[in-house]
Number of protein chains: 2
Amino acid sequence: MNNDEGQNGSGLLSGTVSYGLKRAYRRVIRDLEEALRPHDFTPPLLAALSIVEANPGIAPAHLAEAMGHGRSRAAPLLDRLEAKGLLERRDGADRRSLGLHPTPEGVAMLQRLRPLLQAHEGRITAGLGAAEARGLAALLERVAPGG
Amino acid sequence: MNNDEGQNGSGLLSGTVSYGLKRAYRRVIRDLEEALRPHDFTPPLLAALSIVEANPGIAPAHLAEAMGHGRSRAAPLLDRLEAKGLLERRDGADRRSLGLHPTPEGVAMLQRLRPLLQAHEGRITAGLGAAEARGLAALLERVAPGG
DNA sequence: TATTGTTATACTCTATAACTATA
DNA sequence: TATAGTTATAGAGTATAACAATA
């Protein structure tokens with residue numbers, strides 16, 4: 001390799017919160033994908049199932065909103081979770097709306113994933129002290145509220 | 001909408017640095033895409049051009065490394081920047097390697113984008129004080145070093 | 001007319017592997 | 001044989017628009 005010139009950072013972007021978030025997120029998503037892969041799971045699947053478990057009976061549109069995207073994104077995610085037997089679409093308040101519920105298998109899956117996620121969180125915050133990690137989480141909550 | 005049940009957060013993911021980073025990043029990428037769209041620019045294009053300007057003569061493989069992905073990702077990015085007349089692929093040290101340089105138009109584009117990026121950064125950190133924003137940037141640098 | 005869930009479609013980002021030309 | 005740049009390919013995530021059923 002031997003790049004004699006070295007690297008002078010990213011110019012305009014260097015040191016900004018915006019670029020720092022981008023770089024940190026990439027670390028997160030890669031580490032998490034790798035951790036979930038042996039369980040045939042992905043980060044969006046995990047987020048969806050986790051939100052449904054915390055909000056049983058939630059409608060697809062509200063799930064999508066909680067995940068920060070449009071209604072149409074929910075359907076394929078729910079298809080995959082339902083095909084795995086982890087989640088059910090039941091009748092909702094309306095006859096046009098649905099209530100989402102985790103199956104016992106879905107709950108068990110989340111239980112099984114918990115230590116894996118703690119290890120993931122540990123790797124991401126490995127360079128920080130416990131108080132710093134809490135402080136970072138609090139700052140992030142203020143950058144993007146509603147987590 | 002009127003979701004009477006309310007929302008109980010994201011279960012397993014609530015309050016973690018990992019999920020906070022994901023949510024904050026989504027805010028960043030959307031705001032930045034929207035800010036760049038009128039200039040027919042995208043975040044990856046901006047990152048690449050910015051890095052090339054800060055490291056003139058850098059090779060495609062090193063650019064890709066600085067952006068955190070594989071070699072093959074550089075080519076289409078460079079194609080687009082070259083087609084816009086913002087960047088040149090010149091001969092490098094080897095006859096098999098290239099040196100990347102911004103054109104005067106590329107430098108001018110970055111100048112034009114600078115206030116736009118400052119406004120973007122301001123929106124992202126709007127909920128934080130100046131010292132908090134600096135602290136956040138420093139924590140992020142420790143989560144994902146090399147920015 | 002508005003809303004819910006869904007489908008269709010397209011586009012970007014990304015990763016892997018294979019190809020070429022140099023070394 | 002190893003490396004640099006590129007091409008080909010495929011897959012995931014996302015956004016928009018349009019549709020059918022229901023309100």
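In what follows, chains carry the letters A, B, and so on, assigned in the order in which the sequence lines appear, proteins first and then strands, with residues in each chain numbered from 1.
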Touch class at under 4.0 angstrom, heavy-atom based, for B/Ala75 against every strand present: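 Base contact.
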Spacing between A/Leu81 atom CG and C/dT6 atom C1', to the nearest angstrom: 16 Å
5′-ward residue of the pair A/Lys22/A/Ala59 relative to DNA chain C: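 Closer to the 5' end of DNA chain C: A/Ala59.
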Backbone N/O of A/Gly92 and side chain of A/Ser97: donor-acceptor pair under 3.5 Å: no
Shortest non-hydrogen separation from A/Gly85 to A/Thr103 and the atoms involved: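 Taking every non-hydrogen atom into account, O-OG1, 2.6 Å.
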Proximity to the side chain of A/Arg96 - top-ranked nucleotide from D/dT7, C/dT3, D/dG13: C/dT3
Length of the OH-C1' vector between B/Tyr25 and D/dT14, whole Å: 12 Å
Whether B/Glu132 side chain and A/Leu139 backbone form a donor-acceptor pair below 3.5 Å: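 Side chain of B/Glu132 to backbone of A/Leu139, a donor-acceptor pair under 3.5 Å: no, none is there.
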Spacing between A/Ile29 atom CD1 and D/dA12 atom C1', to the nearest angstrom: 11 Å
Residue whose nearest DNA chain D nucleotide is more 5′ - A/Asp94 or A/Leu77: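 First, find each residue's nearest nucleotide; the 5'-ward one identifies A/Leu77.
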Atom pair distance, as rounded to whole Å: CZ in A/Arg37 and C1' in C/dT14: 12 Å
Nearest-angstrom distance from the residue atom CZ of A/Arg90 to P of C/dG5: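 It is 16 Å, rounded to the nearest whole Å.
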Touch class at under 4.0 angstrom, heavy-atom based, for B/Pro44 against every strand present: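 Answer is sugar-phosphate: B/Pro44 comes under 4.0 Å of backbone atoms only.
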Flag side-chain contact, heavy atom, 4.5 Å: B/Leu13 against B/Lys22: no
Options C/dT22, C/dT6, D/dT22, nucleotide nearest the side-chain atoms of B/Arg95: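 Selected nucleotide: C/dT22.
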Under 3.5 Å: donor-acceptor pair, side chain of B/Glu141, backbone of B/Gly146: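 Yes: the side chain of B/Glu141 pairs with the backbone of B/Gly146.
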Sidechain-backbone polar pair: A/Asp31 side chain, A/Arg27 backbone, donor-acceptor under 3.5 Å: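 Not a single qualifying donor-acceptor pair exists.
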B/Glu121 (side chain) donor-acceptor with A/Val17 (main chain) under 3.5 angstrom: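 Looks like yes, one N/O pair under 3.5 Å.
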Length of the CG-P vector between A/Leu63 and C/dT4, whole Å: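 Atom CG in A/Leu63 sits about 14 Å away from atom P in C/dT4.
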Rounded distance in Å - CG (B/Leu32) to P (C/dC13): 11 Å
Would you list the protein and nucleotides 15-18 of chain C atom pairs, both N or O, that sit under 3.5 Å from each other?
residue, atom, partner, partner atom, Å
C/dA15, OP1, A/Arg30, NE, 3.3
C/dA15, OP1, A/Arg30, NH2, 2.7
C/dA15, OP2, A/Arg30, NH2, 3.4
C/dT16, O4, B/Ser72, OG, 2.6

